[in-house]
Amino acid sequence: MIPGAFDYHRPATIEDAVTLLASLGEEASILAGGHSLIPLMKTRLASPDHLVDLSGIGNLKGITVAGGDIVIGAMTTQFELIASEDLARHIPIIAETSRLIADPQIRYKGTFGGNVANGDPGNDMPALMMALGATYRVHGPDGGRDVAAREFYHGAYYTALEHGEILTSVRIPVPPAGHGYAYEKLKRKVGDYATAAAAVVITMAGGTCTSASIGLTNVSETPLWASEASALLVGTRLDKPSVDAALAAAEAITNPASDMRGPAEYRTKMAGIMLRRALERARSRTEA
Amino acid sequence: MTKSHIELTINGRTVEALVEPRTLLIHFLREQQNLTGAHIGCDTGHCGACTVDMDDMSVKSCMTFAVQAHGASITTIEGVANADGTLSALQEGFRMMHGLQCGFCTPGMILRAHRLLQENPAPTEDEIRHGISGNLCRCTGYVNIVKSIQYAAAKINGTPFQEAAE
Ligand SMILES: Cc1cc2nc3c(=O)[nH]c(=O)nc-3n(C[C@H](O)[C@H](O)[C@H](O)COP(=O)(O)OP(=O)(O)OC[C@H]3O[C@@H](n4cnc5c(N)ncnc54)[C@H](O)[C@@H]3O)c2cc1C
Ligand code: FES
Ligand code: FES
């Protein structure tokens, strides 16, 4: 499988990349790790005339703690997310999710920015970013702007990014110390996208849930933030009737395709099961 | 489309070449550099037969353009033997523990195991299995591959070799 021909560009700064993308027009694509784009190019589902490789831009990489937030550069790889001590201390669910993405080789090259910008509902990071309330920083010809992860995903491969815009970093509010978290993913094998997956971040006080946020992966055209299901848990003791009610609310917003991962009804149910397991594990991880 | 000039190090040797940007690294290595050790198994990023070491990362060379390797340092199976031509610890491990049958997956397995042992010199069986989870073998059932890597780790560390439980 040989991709179509293209011209290759490796700009050294964000400004150069933005200018280049503006002058090359619609037939130019951004290249990060290439591990979502190259498969599409091999099957000719994508055949850009130009690739603008971001790997020569030094300041797009890195993880920094900034006040109550963590900022992750777009070109930070999934391998680097797993290795980060700052993330392990403050937002351990990011490494937990990264370990369930693809396999070791893909994680060395695949970038965080590529994973969230790609717009494939099978990507694992977007639902997690919605659950964590992350904000994406985007740069284009008209300067910079911020887009909330919860507003970013409009359809399969259709996001709030305008052509020529580059996602440069993601800002994530650090959840309170002692929060519970879990990412549960059902997949057929290593390197498979989710049949269904759920991200959960909760806080508890005296056995009562004080906040909850739930994201769902690959059970709709877009990643989902299950706001109603999340709200149903707050103020409860996460007893079975409350969890059942949240599961029903989460399942109700899914709209998966029937495909080789299973019929739609099954995938909806699996989203519920993943959510139940994630809630149990998140609760067991809360302190007090 | 314009060809790109690339310069990189392959198995310690500096290489300059003109490549079409769409040339995949695996095709560049096999067809332009005559390094046919890395194999094409699936061509979709799943099997790991095309794994090479690139700037201290295990990389699937069927999922990478040669232009992305500009400036990089690459090791392929042709570059892993000891300088005097004897087998490296991993190569010896695969030989002694019967870590291969048809051998198709072996160059990728060895390059992946090489990076794994650099990062984690004394991995547990579980860590080995997770570490090679991006490499498929249709023949061995993995048991002897795990043993081969344990053999190599023990040899490098100078510790007694303990076989994986069967
Ligand atoms: C075998 C295999 C299994 C996989 N399994 C999983 C899995 O289980 N879960 C999962 O989540 N992913 C999986 N992936 C995908 C992998 O995680 C990708 O690396 C990731 O989705 C995209 O990151 P990338 O850096 O490779 O992006 P690229 O492929 O380079 O880019 C992807 C898309 O995003 C755009 N883009 C990239 N960076 C930016 C940016 N900074 N600003 C704007 N646009 C940008 C590109 O133009 C392109 O359209 C798998 C891939 C393979 C090959
Ligand atoms: S040929 Fe590259 S992963 Fe299979
Ligand atoms: S030895 Fe035949 S595929 Fe592994």
Side-chain angles (χ1 to χ4, degrees), chain A residues 1-10 12 24 27-29 31-56 75 77-80 82-83 98-111 114 187-193, chain B residues 1-6 18-27 31 40 42-72 108-109 111-113 115-116 119-120 123 127-136 142:
Chain A
M1 294 185 290
I2 314 284
F6 60 88
D7 279 333
Y8 175 78
H9 311 265
R10 197 195 291 199
L24 294 173
E27 295 311 316
S29 285
L31 176 69
H35 282 13
S36 286
L37 184 57
I38 294 174
L40 288 182
M41 290 177 63
K42 282 183 159 193
T43 51
R44 308 274 175 131
L45 289 171
S47 41
D49 290 338
H50 298 270
L51 283 188
V52 177
D53 185 352
L54 302 183
S55 69
M75 291 297 283
T77 64
Q78 292 154 8
F79 175 82
E80 289 162 341
I82 294 172
S98 303
R99 278 192 212 94
L100 294 171
I101 293 178
D103 62 41
Q105 282 95 318
I106 308 288
R107 296 195 293 261
Y108 282 110
K109 288 297 264 172
T111 67
K187 55 183 174 164
R188 299 166 302 170
K189 58 176 271 293
V190 167
D192 191 19
Y193 292 93
Chain B
M1 301 277 157
T2 332
K3 284 200 175 181
S4 294
H5 173 258
I6 58 169
L18 276 180
V19 291
E20 253 195 279
R22 64 169 166 169
T23 307
L24 294 160
L25 181 58
I26 185 70
H27 293 137
E31 289 158 25
I40 303 174
C42 64
D43 212 6
T44 58
H46 287 90
C47 76
C50 64
T51 302
V52 299
D53 202 69
M54 175 166 145
D55 291 339
D56 302 338
M57 301 178 286
S58 309
V59 167
K60 292 186 169 174
S61 59
C62 76
M63 279 292 133
T64 308
F65 292 119
V67 282
Q68 292 176 281
H70 174 62
M109 284 287 181
L111 266 299
R112 174 62 199 129
R115 184 50 45 203
L116 174 67
E119 290 172 2
N120 182 358
E127 287 166 345
I128 293 175
R129 287 183 178 273
H130 278 99
I132 60 167
S133 60
N135 295 73
L136 299 180
Y142 302 99

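A quick note: this is a predicted structure, and the numbers were derived from the prediction, not measured.
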Worked verdict on B/T64 versus A/H35 for side-chain contact (heavy atoms from CB on, under 4.5 Å): CA-CA 8 Å; B/T64 308; A/H35 282 13; 4.2 Å; yes
Steps toward side-chain hydrogen bond (donor to acceptor under 3.5 Å, both in side chains) verdict (B/S133, A/D103): CA-CA 6 Å; B/S133 60; A/D103 62 41; over 6 Å; no
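Using a 4.5 Å cut-off between heavy atoms, B/T23 does not touch chain A at all. Looking at B/T51, only its side chain comes within 4.5 Å of chain A, counting heavy atoms on both sides. With a 4.5 Å cut-off on non-hydrogen atoms, A/L37 does not touch chain B at all. Looking at B/S4, the atoms closer than 4.5 Å to chain A (heavy atoms on both sides) all sit in the side chain, from C-beta outward. Residue contact with chain B, scored on non-hydrogen atoms closer than 4.5 Å, involves the side chain of A/D53 exclusively. Contacts of B/H27 with chain A are made by side-chain atoms alone, with heavy-atom separations under 4.5 Å and no backbone atom involved. Proximity to chain B is limited to the side chain of A/R10, based on heavy atoms less than 4.5 angstrom apart.
Chain B forms more heavy-atom pairs under 4.5 Å with one residue of A/F79, A/Y8, A/F6 than with any other, namely A/F6. Of all the listed residues (A/L31, A/D49, A/I38, A/I2), the one sharing the greatest number of non-hydrogen pairs under 4.5 Å with chain B is A/I38. Among A/R107, A/K109, A/M41, A/K189, the residue making the largest number of heavy-atom pairs under 4.5 Å with chain B is A/K109. Interface check for chain A: of the options B/G134, B/G45, B/S58, the most heavy-atom pairs under 4.5 Å are formed by B/S58. Each of B/E20, B/H130, B/H46, B/H70 has some count of heavy-atom pairs under 4.5 Å with chain A, and the biggest count is that of B/H70.
B/R22 places a side-chain N or O within donor-acceptor distance of the main-chain N or O of A/P3, the cut-off being under 3.5 Å. Between the side chain of B/N135 and the backbone N or O of B/G48 there is at least one donor-acceptor pair closer than 3.5 Å.
Closest approach of B/A66 and B/I6 over heavy atoms only: O-CD1, 3.9 Å. Taking every heavy atom of both residues into account, B/E127 and B/N120 meet most closely at OE1-ND2, 3.0 Å. In this structure, A/A102 and A/V190 approach most closely via the heavy-atom pair O-CG1, 3.7 Å.
In this structure, the side chains of B/L25 and B/F65 stay at 4.5 Å or more apart for every pair of heavy atoms.
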